[in-house]
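Excluded from the calculations below are hydrogen atoms, water molecules and symmetry mates; all remaining heavy atoms, backbone and side chain alike, are included.
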Amino acid sequence: MNSESTQAATQGHRNRSIRLAVLTSILSKFGTVLLRIISIPVAIRVLGMEEFGVYAAITMVVSMIDMMHVGIGPALTQGIAKALARDDRKQEQGIFATAVILSTVLTVVVSAGLAVVVGILPIATIFGENFAPFAESMRRACLIAIAIVAVELICVLVERARDGYQETRYNNAWGAAGNFLGAAGLIVGVKFFPTVEFLVLALNGSLALAKLANTVHLMLQRSYLWPRLNRFRKALVKPLLGDGARFSVTYLLSAAVEYNAIAYLIGRMVGPEKVGLYNVMITVHFSMTGLIQMITIPLWPAVVDAHSRGDAGWIRKSARRTQLIGPAYGIAALVGLVALGPWAFPLWIGEDFSLGRPTLAVFGAYFTLHLWRHVNQVLLLGIGEVNFAVRVVIVESLAVLLVTVWGLNQGVGLLGVYSGIAICLAALSAWLYPIRFARSMKRWENGLAADSESEAQESLSSPESSANPDQVPAAGAL
């Protein structure tokens, strides 16, 4: 009975954590959507679609530093969740300190190297000849963006640690504050500093400041986590980097390809204006995905916790819900985009928006497949199927890149780009992920049942059980 009470308490904690994360995420996502709804049309109207494409190209390329982050954040989330399940505070301290120190060193080295490249190479060499007229402002904006992203990457580990503690609500609260600060900065910038450099500083800098505040908050809450050098564990470096590299692939590679790399290719092969349009749709994609991430971000560490404790029933129940919610929401978004998009987007963006219903329909199909991939990937990672997800993501990302390059060379436009991505997702992750999850769960549950039966038999055959006849019926009843 005591075991049942403990399980009920842990299930209740997981459910409360997810509910609180969703509630606070509503505020955060509202701020994110508000910031994007305001910032994009304002930026396009002040700068023009072409110069907005310059801003988009800068943010897309600089954000690829994420790939150099080696996924230590998700590895930290998993490590914290497992340490909590074992009630091992020393492990918490060691994992946190090692992850923070390691990530800080990597981020500083990579950011410094990227800054040197931006300072030495001509902008036209990096981004393409179409960006040559904006060279000087782009160089300044790139250096500002590199500094901001470096701060974000160091502080983002705190967010991943909070996920491990099932405290995503704090990330959401500080994220909301950063969004509202960004909106205020944008209002000031439009009036006094209508430049690409200030746009980078106002929108991205506000988010970095919020992450920094979240870092200070965690250190005040859990002072025992302070990343001292004597807590750095060499033995954890290899596991963190190994897990980190795998999580980088699963969490970042598809995003880096489908957002950053394709935007870069469009800018280089087509020009800044199309990058601006592509960035508008990426922003829509991020905003709509954020509603599902309100559930999946806190769900992942909760699944890790349930898997560590052998709570298969809770995982099954949570999986059914998310596998239903994800595609249902995607289909609703597709219908809304096709029905209202041709009217709503020009009203929001202005006359520069030129995507018709066919392109919006294919984008909606891609978005629905993305959500299906996302929810199943979260479940797979939660039960430890990281290597399988890595293999699928690598093959799928290469396929997307090859199809996109071929399509752009054929002059297909954004309709063809989104069609190619959707076909690749439908051919790979859309069916491989759910099948693997179902098989892995069945295999794991069979293992749990076998372990339980073995323990029961050992209990029956032990000398203590034989010596106490009152215990035999109870054991046999199980």
Side-chain angles (χ1 to χ4, degrees), residues 2-22 24-25 71-103 155-174 214-215 217-228 231-233 235-237 239-240 242-244 246-247 251 293 295-315 317-319 378-386 444 448:
N2 187 42
S3 176
E4 292 178 359
S5 299
T6 301
Q7 186 181 58
T10 55
Q11 288 180 346
H13 175 67
R14 286 187 217 114
N15 293 331
R16 281 193 305 274
S17 298
I18 294 173
R19 284 195 297 269
L20 286 172
V22 171
T24 53
S25 189
I72 293 174
L76 175 62
T77 301
Q78 181 174 256
I80 291 288
K82 289 183 176 180
L84 277 178
R86 295 192 298 266
D87 196 22
D88 189 344
R89 175 164 288 194
K90 285 187 176 181
Q91 184 72 355
E92 283 180 56
Q93 293 172 322
I95 290 174
F96 186 80
T98 306
V100 169
I101 294 170
L102 189 61
S103 179
C155 294
V156 79
L157 282 180
V158 167
E159 294 185 348
R160 301 293 75 80
R162 284 205 187 278
D163 289 341
Y165 288 114
Q166 299 182 50
E167 294 178 349
T168 306
R169 58 189 181 275
Y170 292 116
N171 296 338
N172 294 334
W174 284 111
N214 191 19
T215 299
H217 185 203
L218 178 70
M219 291 298 97
L220 292 175
Q221 275 188 315
R222 300 176 183 271
S223 57
Y224 66 87
L225 283 178
W226 188 259
R228 300 172 186 169
R231 289 177 178 166
F232 183 87
R233 297 184 185 178
L236 291 176
V237 172
L240 277 173
D243 288 345
R246 293 185 299 161
F247 281 121
Y251 270 87
Q293 287 177 331
I295 299 171
T296 57
I297 288 177
L299 174 66
W300 176 54
V303 171
V304 173
D305 179 80
H307 191 261
S308 300
R309 300 176 191 272
D311 194 348
W314 188 89
I315 295 176
K317 185 176 181 181
S318 300
V378 167
L379 294 169
L380 276 176
L381 296 182
I383 63 173
E385 288 285 356
V386 182
W444 177 54
L448 290 176

Judged by modelled atom types alone, do Q91 and R233 share a side-chain donor-acceptor pair under 3.5 Å?
-> yes

For R222, enumerate each residue passing the side chain to side chain contact (heavy atoms under 4.5 Å, CB included) test, keeping only those at least two apart in sequence or located in another chain.
-> Y165, E167, L218, Y224, L225

Start with the C-alpha gap between H307 and W444, add the side-chain angles, then the distance that decides, and say whether side-chain contact (heavy atoms from CB on, under 4.5 Å) holds.
-> CA-CA 9 Å; H307 191 261; W444 177 54; 3.6 Å; yes

Under the 3.5 angstrom rule, does the side chain of T98 hit a backbone N or O of V237 as a donor-acceptor pair?
-> no

Report the distance from atom CG of L299 to atom CG of D163, rounding to the nearest 0.5 Å.
-> 11.5 Å

For L76 against A161, the heavy-atom pair lying closest together = CD2-CB, 4.0 Å

Value rounded to 0.5 Å, distance of OG1 in T77 from CD in E159 | 10.0 Å

Measure the CD1-CD distance between I80 and E92 for me, rounded to the nearest 0.5 Å.
-> 5.5 Å

How close do V158 and F96 get, heavy atom to heavy atom, and via which atoms?
-> CG2-CZ, 4.4 Å

Shortest non-hydrogen pair, W226 vs R231, comes out as O-NH1, 2.9 Å

Quick one: CG on D88 to NZ on K82, what's the gap to the nearest 0.5 Å?
-> 13.5 Å

At their closest point, which heavy atom of R169 faces which heavy atom of Q166, and how far apart are they?
-> NH1-O, 3.4 Å

Spacing of I101 atom CD1 and L236 atom CG [to the nearest 0.5 Å] | 11.0 Å

What residues, two or more places apart in sequence or in another chain, satisfy side chain to side chain contact (heavy atoms under 4.5 Å, CB included) together with T296?
-> I292, Q293, H374, V375, V378

Can you tell me how far CG of L84 sits from CZ of R89, rounded to the nearest 0.5 angstrom?
-> 9.5 Å

